[in-house]
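Below, read A as the first sequence line, B as the second, and so on, with proteins coming before strands; counting in each chain starts at 1.
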Number of protein chains: 2
Amino acid sequence: MQLTSKGRYAVSAMVDLAGHQDEGPITLSSISERQFISLSYLEQLFRKLRESGLVDSVRGPGGGYRLAKATHEITIADIMHAVNETIQTTMCKSETEGCHRGSRCDTHNLWTALGHHINFFLETVTIQDVCDDKNYIDTLKAVEKTLMQH
Amino acid sequence: MQLTSKGRYAVSAMVDLAGHQDEGPITLSSISERQFISLSYLEQLFRKLRESGLVDSVRGPGGGYRLAKATHEITIADIMHAVNETIQTTMCKSETEGCHRGSRCDTHNLWTALGHHINFFLETVTIQDVCDDKNYIDTLKAVEKTLMQH
DNA sequence: CTATACCCGAGCAATATGGTCAAGTATAGC
DNA sequence: GCTATACTTGACCATATTGCTCGGGTATAG
């Protein structure tokens, strides 16, 4: 699992975009100024965000980026997935092959559970929540309700 | 936040150690064979584990390592802390200084909540649990109860 | 005295991260 | 059409970290 500043930058940029939605297409240079992220780097990030269908682009003068979905439909997990590679907690290649030279390692269930735990959080929180600066404890409660139904 | 194979190796080694406790001091070379981790690398990891007070060492022939506490007193977080650096989700240096050139960034609460979320898990699960190969969903429920009392 | 097994520091290959640079291409407006 | 705007893309690179090795120590049981 990797949770680096690349993912943080991407989330910050998307939240910024969400906060200026009503102004029409938002240029990367304006996001760059507000969020202190270099333009070149933003271009790299938004390429991936676009390829993942999270934003739409408008080319030419007056162009920029727009969110492709409603703010409550875009989760933090969506963004992290778009810019980072897959979030892995185990080192096992496949489920069948196992991680420990044939057999499954003693800590397999631990890392799997941790992965679920983190993903539940990231998949539950949307950029709408971040814009509202929500009290995330409420979100964690919702997460647990989901878990209890298992 | 970093969750790399270094931490995984350390946890695997500690679980292995816990599983052979009754045999007296356990040599790193035996752990090396069972867990497929190089001896030199294990020495590096156990130096940190010892400095953190998680294991005791016995030098000389017949020597090896022993857990310094009971299995239910050693959490996964303890181990990760010992070998990795601090687990950080925010990039803010200090609480007062803020992360965003003076002011606090829009996503500050998000990353703080995520950090709590992950740490609650890691601090709740002990190597005893891993040895028992516990159903971690139960643990997650206990975590949530703690959160609800906030 | 010697074999065992922990202890410690230096260093290194591979990888990933965070970021730049230099070119494009589409389009609105004149 | 021309031009400025702003997205699009590929190549590239400095730096840091990770995972790991090597070569020597030092303590102690027998």
Could you state the [atom1]-[atom2] distance from [X] to [N], rounded to the nearest angstrom?
X	N	atom1	atom2	answer
B:Ile37	D:dT21	CD1	P	11 Å
A:Arg66	D:dA6	CZ	P	14 Å
B:Leu42	C:dA5	CG	C1'	13 Å
B:Leu28	C:dT4	CG	P	16 Å
B:Leu45	D:dG19	CG	P	9 Å
B:Leu49	C:dC6	CG	P	13 Å
A:Leu39	D:dC7	CG	C1'	10 Å
B:Tyr41	C:dA13	OH	C1'	14 Å

Residues touching DNA chain C, which here means a heavy atom under 4.0 Å, drawn from residues 52-62 of chain A: A:Arg59, A:Gly60, A:Pro61
Sort me out a list of protein N/O and nucleotides 9-11 of chain D N/O pairs below 3.5 Å, or just none if empty.
unit_1: D:dT9; atom_1: OP2; unit_2: A:Arg50; atom_2: NH2; d: 2.5
unit_1: D:dG10; atom_1: OP2; unit_2: A:Arg47; atom_2: NH1; d: 3.2
unit_1: D:dG10; atom_1: N7; unit_2: A:Arg47; atom_2: NH2; d: 3.2

Taking it one step at a time, do A:Gln35 and A:Tyr9 satisfy side chain to side chain contact (heavy atoms under 4.5 Å, CB included)? CA-CA 8 Å; A:Gln35 302 297 325; A:Tyr9 282 146; over 6 Å; no
Spell out, as yes or no, whether a donor-acceptor pair under 3.5 Å connects the side chain of [X] to the backbone of [Y].
X	Y	value
A:Ser52	A:Leu54	no
A:Ser32	A:Leu28	no
B:His20	B:Ile31	no
B:Asp132	B:Asp129	no
A:Glu73	A:Ala70	yes

A:Ser40 side-chain proximity, nearest of C:dT20, D:dC22, C:dC6: C:dT20
Selection from D:dC7, C:dG18, C:dC6 that lies nearest to any side-chain heavy atom of A:Tyr65: D:dC7
May I ask you to evaluate whether [X] reaches the phosphate of [N], defined as a side-chain N or O under 4.0 Å from OP1 or OP2?
X	N	value
B:Thr27	C:dC6	no
B:Tyr9	D:dC20	yes
B:Ser29	C:dA5	no
A:Ser38	C:dT20	yes

Name the nucleic acid region contacted by A:Ile26, choosing base, sugar-phosphate or nothing; use a 4.0 angstrom heavy-atom cut-off, strictly under. sugar-phosphate
Are B:Asp78 and B:Thr75 close enough that a side-chain donor and a side-chain acceptor fall under 3.5 Å? yes
Just checking, is any N or O donor in the side chain of B:Thr27 or B:Ser29 under 3.5 Å from an acceptor N or O on the other one? yes
Answer with yes or no whether the hydrophobic clustering places A:Tyr65 together with A:Val58; edges join I, L, V, M, F, W, Y residues whose side-chain heavy atoms lie under 4.5 Å apart. no
Basic-acidic side-chain contact under 4.0 Å: A:Asp16, A:Arg34: yes
